Amino acid sequence: MRIATWNVNSLRSRIDRVERFLERHDIDVLALQETKAREDQLPLMGLQSLGYDVAAAGTNQWNGVAIISRVGLDEVTVGFPGQPQWGDPAESEARALGATCGGVRLWSLYVPNGRKVDDPHYLYKLDWLGRLREAAGDWLGKDTALVGDWNIAPLDEDVFDMSQFAKSTHVTPRERAAFQAFVDDGYVDVVRPHTPGPDVYTYWDYYRQRFERNRGLRIDFVLGSPSLAARVTAASIDREERAGVGASDHAPVIVDLADA
DNA sequence: ATGGTAGAGTGTCTA
């Protein structure tokens, strides 16, 4: 089974790229973030004609998560137990969607950005991650994948220039500790071992031709429970998808799983 | 410190 995660930065504006991506890589399950669409705005027809079911959460113009699957889409859950709220509850719920697809419990996660270190959104981000960790502890014994845009660059090597992030979110010790806590609990970054070398980035800002100059961040991750991590046979970052006119600012991350 | 680009959708907000 081949799963993928992609911060698509608007599903409606990029539906053609999404459909081509699914076909090009023969994807079974795709988790999306920043869909920026209400349920009634989802472009379903092309996806369904390709054989996929779609589940989504999101009601505003900034967040939104979805799971697209052709191997089953069961036990769909909007939000995780204990998930903190921010503003409109519907906005908060648009950041986590769980579903069981082909025997794997998959969570499409859009971790709060945090905005600025002195912004209340930063504390919301830390609280959100802590609550997710509490909930995810109960899923360690199953085939679980926590995938999506974590809005954290855990290591200096995940950042094109650390000096530019001296006062920024995404790299602070508290955010990195919040990420590391999942690893300490037993969740495994299943992609890094399969992407050796310096080209680890998954996100390049639209500003200042950051992609063309390869000035990126690694903030999109697939964390697997021990039993899921043991099934991983391959993983890659689809940098091609970030190129050209009409690209998202994130690249998709792809993971292959052996049969259970 | 600010600005640069993109997407939501019309006046800004978010990233």
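Note that the structure is predicted; figures quoted are calculated from it, not measured.
For the pair A:Tyr207 OH and B:dG7 P, the interatomic distance rounds to 13 Å; values are reported in whole Å. The CG-P distance, from A:Asp249 to B:dA8, rounds to 12 Å in whole Å. When the P atom of B:dG7 is taken as reference, atom CG of A:Asn113 falls 18 Å away, rounded to whole Å. When the P atom of B:dT5 is taken as reference, atom CZ of A:Arg208 falls 10 Å away, rounded to whole Å. In this structure, CG of A:Asp205 is placed 13 Å from P of B:dG4, rounded to the nearest angstrom. In this entry the distance linking CZ of A:Phe165 with C1' of B:dA15 reads 12 Å, nearest Å. Here the P atom of nucleotide B:dA15 and the CG atom of A:Asp220 are 15 Å apart, to the nearest Å. B:dT14 atom C1' lies 10 Å from atom CG of A:Asn9, rounded to whole Å.
Between A:Trp128 and A:Trp86, the ring center distance fails the sub-6.0 Å criterion.
Within the 4.5 Å cutoff, side-chain heavy atoms of A:Leu223 are placed close to those of A:Phe179. At least one side-chain heavy atom of A:Glu19 sits under 4.5 Å from a side-chain heavy atom of A:Leu47.
Counting only heavy atoms from C-beta on, A:His121 has its side chain closest to B:dA15 among B:dG9, B:dA15, B:dG3. Closest to the side chain of A:Trp62, from the set B:dT14, B:dA8, B:dT5, is B:dT14. Side chain of A:Arg115, nearest nucleotide from B:dG4, B:dA8, B:dT14: B:dT14. Comparing B:dT5, B:dG9, B:dA15 by their nearest atom to the side chain of A:Tyr206 picks out B:dT5.
Among the protein residues, A:Phe211 comes within range of no part of the nucleic acid, since none of its heavy atoms lies under 4.0 Å from any strand. Within 4.0 Å (heavy atoms only), A:Gln33 reaches no atom of the nucleic acid at all. Residue contacts shown for A:Arg95 are limited to sugar-phosphate atoms, with no base heavy atom under 4.0 Å away. In this structure, A:Arg14 reaches the sugar-phosphate backbone alone: every heavy-atom distance under 4.0 Å involves primed, P, OP1 or OP2 atoms, never a base.
Counting only N and O atoms by type, the side chains of A:Glu241 and A:Ser248 include no donor and acceptor under 3.5 Å apart. Side-chain atoms of A:Tyr201 and A:Asp199 include no donor-acceptor pair closer than 3.5 Å.
Contact between the side-chain N/O atoms of A:Arg210 and the OP1/OP2 oxygens of B:dG4 is not found at any separation under 4.0 Å.
B:dT12 and B:dA1 are spaced 26 Å apart, taking the P atom of each and rounding to whole Å. Comparing B:dC13 with B:dG9, their C1' atoms are spaced 11 Å from each other, to the whole Å. As rounded to the nearest Å, B:dG11 and B:dG7 have C1' atoms that lie 15 Å from one another. For B:dT14 and B:dT10, the C1' atoms lie 16 Å apart once the distance is rounded to whole Å.
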Worked check of salt bridge (charged side-chain N to carboxylate O under 4.0 Å, His left out) between A:Arg20 and A:Asp16: CA-CA 6 Å; A:Arg20 273 188 278 124; A:Asp16 291 348; 5.8 Å; no

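Of the two residues contacting DNA chain B, namely A:Tyr110 and A:Leu11, the nearest-nucleotide position lying further toward the 5' end is that of A:Leu11. In terms of position on DNA chain B, the residue among A:Lys167 and A:Gln41 whose nearest nucleotide sits closer to the 5' end is A:Lys167.
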